[in-house]
Structure formats: structure tokens, C-alpha cells
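Model, not experiment: these values are computed from the prediction. Values below: all heavy atoms of this structure, side chains included; hydrogens, waters and symmetry mates excluded.
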Amino acid sequence: QVQLAESGGGLVQAGDSLRLSCAASGRTVNNRVMGWFRQALGKEREFVAAISWTGSITYYADSVKGRFTISRDNAKNTVYLLMNTLNPEDTAVYYCAAGDSGYLTSRYRLDPSYDYWGQGTQVTVSS
């Protein structure tokens with residue numbers, strides 16, 4: 001089993017930055033695609049970003065491209081999401097997830113490609 005724990009969320013102002021962390025425990029996730037999703041109040045969960053097991057390939061949602069950066073440190077079994085130039089539309093609960101393989105393809109934009117999910121961390125951006 002894999003346990004994922006997100007941290008780093010909080011209340012910030014528009015234009016600020018935050019870095020989220022997702023620490024994995026139990027079995028290693030070094031050989032898995034890792035992803036970040038978010039869910040705003042009253043909306044469906046949506047894809048944010050994903051990274052291959054090597055860290056060499058990344059995908060982003062159009063809404064965050066150029067502002068968010070996903071990265072991973074396999075030595076620490078941890079994935080990060082650096083979020084710059086935040087705006088109120090980024091307000092949501094952010095979840096990290098561990099994929100069912102290590103090779104990043106477009107299917108990892110979708111929930112069913114992930115085996116494990118964290119509990120989420122709240123990010124609130126005030127205007």
C-alpha cells in the first residue's frame with residue numbers, strides 16, 4: 001500500500017506563490033507517474049499536472065501552464081507543485097495521486113489512471 005500526504009496549502013493573496021508537497025510512505029512511488037488534481041467547491045475534480053517516474057516528462061492543464069511547476073525528488077519519495085501567480089480561480093482542495101505505471105501518457109489526465117490518492121490540502125487565494 002501507498003500512503004500520500006499533502007502539505008503546504010494555505011491562504012494567500014492573488015499574485016502570491018505556494019509550494020505544495022506530497023510525501024509518500026509505505027511502498028515507493030519512484031516507479032510511478034505522480035499527479036496533482038484539484039477540486040473547487042461545487043465543481044468536479046480536475047487535472048492540474050503530472051510527471052513521469054524519471055521527472056523528464058511533465059503535463060499541465062492549460063489553466064496552469066506557465067504558472068505551475070511539478071517536480072519530484074525520488075530520493076525523498078516526494079512530489080512538489082510550485083504554484084506562482086496564484087489567482088482566486090486556483091482556490092481548491094489539491095490532491096496528489098500515484099499512477100498505475102511510470103510512463104506518462106495523456107491518459108494520466110484522467111482519475112482512473114491513478115491507484116492512490118492523498119487526503120488533500122486546501123489552497124485559498126483571496127483577491
Side-chain angles (χ1 to χ4, degrees):
Q1 291 294 319
V2 172
Q3 292 80 43
L4 302 174
E6 302 93 339
S7 61
L11 172 63
V12 297
Q13 293 187 330
D16 285 351
S17 299
L18 274 179
R19 189 180 79 157
L20 305 183
S21 299
C22 173
S25 60
R27 300 175 67 179
T28 182
V29 295
N30 293 349
N31 57 350
R32 294 176 180 262
V33 167
M34 296 297 292
W36 285 96
F37 288 74
R38 66 186 181 185
Q39 187 168 20
L41 194 63
K43 296 187 178 181
E44 292 187 354
R45 187 162 60 190
E46 65 175 0
F47 170 78
V48 175
I51 188 167
S52 63
W53 74 277
T54 62
S56 61
I57 302 172
T58 55
Y59 285 176
Y60 295 95
D62 288 344
S63 58
V64 306
K65 199 174 296 183
R67 299 188 298 123
F68 290 12
T69 302
I70 187 171
S71 61
R72 67 191 300 162
D73 184 340
N74 285 343
K76 296 182 178 179
N77 229 15
T78 300
V79 179
Y80 304 97
L81 185 68
L82 175 62
M83 305 184 294
N84 294 324
T85 319
L86 285 161
N87 59 62
E89 290 70 38
D90 296 316
T91 295
V93 177
Y94 283 72
Y95 300 90
C96 73
D100 58 10
S101 85
Y103 299 96
L104 183 57
T105 63
S106 60
R107 70 180 178 92
Y108 285 95
R109 296 178 182 271
L110 304 174
D111 292 17
S113 295
Y114 295 85
D115 291 334
Y116 302 99
W117 293 81
Q119 294 298 306
T121 184
Q122 176 71 47
V123 172
T124 303
V125 185
S126 64
S127 57

Undergrad: Kindly say whether Phe47 contributes a backbone atom to a donor-acceptor pair with the side chain of Arg109 at under 3.5 angstrom?
TA: no
Undergrad: Drop me the distance from Tyr59's OH to Ile70's CD1, to the nearest 0.5 angstrom.
TA: 12.5 Å
Undergrad: Could you tell me the separation between the CG atom of Leu110 and the CZ atom of Arg45, rounded to the nearest 0.5 Å?
TA: 11.5 Å
Undergrad: Looking at side-chain heavy atoms only, is the closest gap between Met83 and Asp90 below 4.5 Å?
TA: no
Undergrad: Got Met34 and Leu4 here, is their nearest side-chain heavy-atom distance under 4.5 Å?
TA: yes
Undergrad: Can you check whether Gly99's main-chain N or O pairs, donor with acceptor, with Arg32's side chain at less than 3.5 Å?
TA: yes
Undergrad: Does Tyr116 belong to the same Ile/Leu/Val/Met/Phe/Trp/Tyr cluster as Ile51, with side-chain heavy atoms less than 4.5 Å apart forming each link?
TA: yes
Undergrad: Using modelled atom types only, decide if a donor and an acceptor are shared between the side chain of Asn77 and the backbone of Val29 within a distance under 3.5 Å.
TA: yes
Undergrad: Do the side chains of Val79 and Val48 join up, straight or via other hydrophobic residues, at under 4.5 Å, putting them in one cluster?
TA: yes
Undergrad: Looking at Trp53, is its backbone amide N or carbonyl O close enough to the side chain of Asn74 to form a donor-acceptor pair, meaning the two atoms are under 3.5 Å apart?
TA: yes
Undergrad: Can you confirm whether the side chains of Ser101 and Tyr108 place a donor and an acceptor under 3.5 Å from each other?
TA: yes
Undergrad: Could you check if a side-chain atom of Glu46 sits within less than 4.5 angstrom of a side-chain atom of Arg38, using non-hydrogen atoms only?
TA: yes
Undergrad: Does any donor atom in the side chain of Arg107 or Ser113 lie under 3.5 Å from an acceptor atom in the other side chain?
TA: yes
Undergrad: For Tyr80 and Thr69, indicate whether the former's side chain and the latter's backbone hold a donor-acceptor pair under 3.5 Å.
TA: no
Undergrad: If two hydrophobic side chains count as joined below 4.5 Å and joins carry through other members, does Tyr60 share a cluster with Val33?
TA: no
Undergrad: Between Thr78 (side chain) and Lys76 (backbone), is there a donor-acceptor pair under 3.5 Å?
TA: yes
Undergrad: Please round to the nearest 0.5 Å and tell me the distance separating atom OG of Ser71 and atom CZ of Arg19.
TA: 7.0 Å
Undergrad: Measure across Ser56 and Thr54 and return the closest heavy-atom pair with its distance rounded to 0.1 Å.
TA: OG-OG1, 2.7 Å
Undergrad: Would you please indicate if the ring centroids of Phe37 and Tyr114 are separated by under 6.0 Å?
TA: yes
Undergrad: Please list all pairs meeting side chain to side chain donor-acceptor pair (under 3.5 Å) that have one or both residues in residues 117-127, counting only residues at least two apart or in different chains.
TA: Gln122-Thr124
Undergrad: Keeping Glu6 on the side-chain end and Gly120 on the backbone end, is there a donor-acceptor pair under 3.5 Å?
TA: yes
Undergrad: Rounded to the nearest 0.5 Å, how far apart are OH of Tyr94 and CG of Leu81?
TA: 7.5 Å
Undergrad: With distance as the sole test, does Tyr103 use its side chain to make a donor-acceptor pair with the main-chain N or O of Ser52 at under 3.5 Å?
TA: no
Undergrad: Return all side-chain donor-acceptor pairs below 3.5 angstrom for residues 8-17, not counting sequence neighbours, or 'none' if the list is empty.
TA:
from: Asp16; atom 1: OD2; to: Gln13; atom 2: N; distance (Å): 3.1
from: Ser17; atom 1: OG; to: Asn84; atom 2: OD1; distance (Å): 2.8

Undergrad: Nearest 0.5 Å please: distance from the CZ atom of Phe68 over to the CG atom of Leu18.
TA: 9.0 Å
